Amino acid sequence: MSVYNDKVTAYIDNAQPFLQPILNHIRALVHKTNKDVEEKIKWGMPHFDYKGMYCGVAAMRQHCGFGFWKAALLKDPGNCIVKGEDAGMGSFGRITSLKDLPPDEVLIDFLRQAKQLNDDDIKAEAKPKKEKADLVLPDAALKALKKNTKANATFEKFSSSQRREYIEWIVEAKTDVTRNKRLETMLQWLEEGKIRHWKYQTKS
């Protein structure tokens, strides 16, 4: 029997109004397909657990995401599951309307596959650990940071891993336009004392 978590309901109710129908639709499909899921809030976001990690959603200001814990193991003949940079936004990239989701029958198939993987105790593929080389901000980014006293003070106070998250974000930008936009956002967030992944922090 499906059991709904009030905290997940509150999360969806607090999401942007245009995202609520999407999140509720995904939630309904999950429960329709697997009546034994357990709703939880993990890392500040709704997760649907079933014999371990199963799938989850996340709401941002301008989009939401929906992802499977074992997406790499799902059979995807229609190539609906995104890979690469966009995979960080969930298994289906940036979702701004129901049209951005695959058809319900495709999602239900993914949900059934994911359930079977957990039933069979199949582990998620371990990502090979890469040696982390020393990273430094590009000169232009470093100069911009030094000019912003407040942002620079926050950056200096962060742990090495927190600083690295920002540096990687800037360095990995594919174009100058993207890099400059990320730099502008980084400075704004640092002025506000925010870590790179502040959106995923659990609110106390």
Side-chain angles (χ1 to χ4, degrees), residues 11 14-19 22-23 41-47 53 55-72 76 79-97 99-102 124-204:
Y11 180 97
N14 287 327
Q16 295 285 356
F18 76 97
L19 295 176
I22 307 170
L23 297 170
I41 295 290
K42 294 181 180 179
W43 305 299
M45 298 171 288
H47 280 70
M53 299 289 282
C55 60
V57 295
M60 309 302 175
R61 290 188 61 83
Q62 298 180 339
H63 70 277
C64 64
F66 173 40
F68 288 92
W69 186 249
K70 300 175 182 176
D76 180 25
N79 293 319
C80 296
I81 296 175
V82 301
K83 299 176 177 64
E85 263 191 35
D86 289 339
M89 299 177 186
S91 299
F92 308 101
R94 294 168 60 94
I95 303 169
T96 59
S97 74
K99 294 179 180 179
D100 292 331
L101 286 169
E125 290 183 342
K127 294 182 179 179
K129 291 185 178 180
K130 296 181 180 179
E131 295 261 339
K132 289 190 175 181
D134 290 336
L135 286 178
V136 293
L137 280 168
D139 288 341
L142 191 58
K143 289 178 181 178
L145 183 62
K146 293 296 184 182
K147 289 180 180 179
N148 190 319
T149 305
K150 190 173 183 180
N152 191 52
T154 300
F155 191 76
E156 292 297 330
K157 289 178 183 177
F158 278 164
S159 66
S160 58
S161 62
Q162 289 171 332
R163 290 197 296 270
R164 187 183 184 87
E165 287 174 348
Y166 269 118
I167 295 172
E168 287 180 339
W169 194 43
I170 300 299
V171 171
E172 291 173 358
K174 302 297 183 183
T175 67
D176 289 341
V177 173
T178 300
R179 188 176 298 109
N180 291 335
K181 185 175 181 180
R182 289 182 180 182
L183 175 58
E184 183 180 343
T185 301
M186 180 187 80
L187 293 173
Q188 178 187 336
W189 287 351
L190 287 173
E191 285 181 6
E192 297 169 1
K194 295 176 178 177
I195 62 173
R196 160 76 176 88
H197 297 294
W198 63 271
K199 294 179 182 179
Y200 304 118
Q201 286 183 301
T202 303
K203 294 181 180 179
S204 57

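As the structure is a computational prediction, the values presented were derived from the model and not from experiment.
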Partner residues of Phe68 under the ring-ring contact (aromatic ring centres under 6.0 Å, His included) criterion, sequence neighbours left out: Phe66
Should we say atom CD of Glu184 is surrounded by more than 12 heavy atoms from elsewhere, each under 6.0 Å from it? no
Partners of Thr175 by side-chain hydrogen bond (donor to acceptor under 3.5 Å, both in side chains), sequence neighbours excluded? Thr178
Residues passing the side-chain hydrogen bond (donor to acceptor under 3.5 Å, both in side chains) test with Ser160, sequence neighbours excluded, are none
Tightest non-hydrogen contact, residues Ser91 and Gly67, listed as OG-CA, 3.3 Å
Nearest heavy-atom pair of Arg61 and Gln16: which atoms, and what distance? O-CG, 3.2 Å
Please name the pair of heavy atoms, one in Met45 and one in Ala58, separated by the smallest distance, quoted to 0.1 Å. SD-CB, 3.3 Å
Can you give the donor-acceptor pairs under 3.5 Å from side chains of residues 186-196 to other protein atoms, not counting sequence neighbours?
residue, atom, partner, partner atom, Å
Glu191, OE2, Asn148, ND2, 2.5
Glu192, OE1, Lys194, NZ, 2.8

Least distance between heavy atoms, Cys64 atom then Ala59 atom: CB-CA, 4.1 Å
From Asn152, Thr154, Ile170, residue fulfilling side-chain contact (heavy atoms from CB on, under 4.5 Å) relative to Leu145: Asn152
Heavy-atom pair with the smallest gap, counting every atom of Leu101 and Ile95: CD2-CD1, 3.5 Å
How would you list, by chain and number, every residue that makes a side-chain hydrogen bond (donor to acceptor under 3.5 Å, both in side chains) with Asn79, sequence neighbours excluded? none
Could you tell me which residues satisfy side-chain hydrogen bond (donor to acceptor under 3.5 Å, both in side chains) with Asn180, sequence neighbours excluded, listed by chain and number? none
